[in-house]
Amino acid sequence: MKKMRIDFAAPSMARTLFHTLPLAWLLALAAAVLCVSAALTGWQMLERQRAFELQLRSAQVRASAPVATHVEAPLVRIPEAQGVAVNAAVLQLNLPWRALRDAIAEATPPAIALLALEPDAHRQALKMSAEARSSDEMVAYVEQLKHQGLFSAVSITRHEINELDPNKPIRFQLEAQWSAP
């Protein structure tokens, strides 16, 4: 036979609490802990927002404050020799290396061996040393350099035949004036 619950007592809070299951108490306790935790987190976020607003107001006050006017740096005299040296270094650093390299690469055939390139930034001149198998190749190379748009004048400054080499190549030097790109 089943157990029967017969309860004729009037409902009250004490009776309801007495009959509440332990699992319900545990859930109520967890809900209370979560509510307290949420309230603390909300309070911390509110305090953080107030601090940020205070920082924002102070930054706005600093930004709206008048800015100091332009302060001129004291004029420093550079010795003339140092100024000339600095200008020469800047001129050397500002050489149009890429344009020179591209123009020389385009004009140089496989039969010509480039030995040296020496730029002179002051005169906008490029001294080159090269070797060719024949004088015809040397002259053709000079003509190809003249047809490059970067070079305004190209001339052979020196040439000689290398007698020690069995192929007897012609070693020559030329100077090419470049125009500013």
Side-chain angles (χ1 to χ4, degrees), residues 41-42 44-181:
T41 303
Q44 288 174 344
M45 291 180 78
L46 186 62
E47 289 298 315
R48 199 176 304 150
Q49 181 181 1
R50 286 180 186 152
F52 285 143
E53 286 175 356
L54 184 63
Q55 285 179 347
L56 178 65
R57 274 191 237 116
S58 66
Q60 287 172 341
V61 167
R62 278 183 275 146
S64 65
V67 180
T69 58
H70 175 66
V71 178
E72 288 191 29
L75 188 60
V76 177
R77 284 271 180 213
I78 298 175
E80 188 174 335
Q82 185 181 4
V84 169
V86 168
N87 287 340
V90 168
L91 189 62
Q92 194 71 16
L93 289 173
N94 287 333
L95 282 173
W97 281 112
R98 181 169 290 163
L100 289 172
R101 183 201 61 197
D102 291 346
I104 291 170
E106 188 177 320
T108 306
I112 301 294
L114 287 177
L115 303 176
L117 297 173
E118 297 176 35
D120 183 358
H122 289 291
R123 297 182 331 141
Q124 288 189 334
L126 179 67
K127 292 181 181 179
M128 298 189 312
S129 297
E131 280 188 354
R133 286 181 274 187
S134 68
S135 61
D136 292 337
E137 289 176 349
M138 175 182 69
V139 171
Y141 180 56
V142 171
E143 289 301 316
Q144 283 179 326
L145 284 173
K146 285 181 182 178
H147 287 99
Q148 293 297 315
L150 182 66
F151 299 119
S152 58
V154 180
S155 61
I156 298 175
T157 56
R158 186 171 161 261
H159 69 283
E160 64 184 23
I161 297 176
N162 187 355
E163 297 290 337
L164 299 176
D165 192 327
N167 295 327
K168 298 193 189 305
I170 297 176
R171 184 170 287 177
F172 60 97
Q173 292 180 349
L174 51 97
E175 188 170 304
Q177 297 286 133
W178 78 78
S179 55

For D136, salt bridge (charged side-chain N to carboxylate O under 4.0 Å, His left out) partners two or more places apart: none
Would you be so kind as to tabulate the donor-acceptor pairs closer than 3.5 Å made by side chains of residues 160-167, with sequence neighbours excluded?
from : atom 1 : to   : atom 2 : distance (Å)
E160 : OE1    : R158 : NH2    : 3.1
N162 : OD1    : L164 : N      : 3.3
E163 : OE1    : K168 : NZ     : 3.4
D165 : OD1    : N167 : N      : 3.0

Separation between CZ of F172 and CD of E137, rounded to the nearest 0.5 Å: 9.0 Å
Closest approach of L145 to A107 (non-hydrogen atoms, all atoms of both residues): CD2-CB, 3.7 Å
Approximate separation, where rounding is to 0.5 Å, of F151 CZ and I104 CD1: 4.5 Å
Heavy atoms of other groups near R101 CZ, more than 12 under 6.0 Å: yes
Criterion side chain to side chain contact (heavy atoms under 4.5 Å, CB included) on V154 and Q148, from CA distance to verdict: CA-CA 10 Å; V154 180; Q148 293 297 315; over 6 Å; no
Closest approach of A103 to L150 (non-hydrogen atoms, all atoms of both residues): CB-CD2, 4.1 Å
Sequence-distant partners of Q49, side-chain hydrogen bond (donor to acceptor under 3.5 Å, both in side chains), two or more places apart: E53
Any side-chain heavy-atom pair of V142 and K146 under 4.5 Å: yes
Pairwise distance CG(L100) to CG(L126) - rounded to 0.5 angstrom: 6.0 Å
For the student: nearest non-hydrogen atoms of A130 and L114, plus distance: CB-CD2, 4.0 Å
Partners meeting side-chain contact (heavy atoms from CB on, under 4.5 Å) with R123 (sequence neighbours left out): D120, A125, K127, E175
Rounded distance [0.5 Å steps], CG in L56 versus CD in Q60: 4.0 Å
side-chain contact (heavy atoms from CB on, under 4.5 Å) against P109, all qualifying residues, sequence neighbours excluded: I112, Y141, Q144
Counterpart residues, salt bridge (charged side-chain N to carboxylate O under 4.0 Å, His left out), relative to R48 (two or more places apart): none
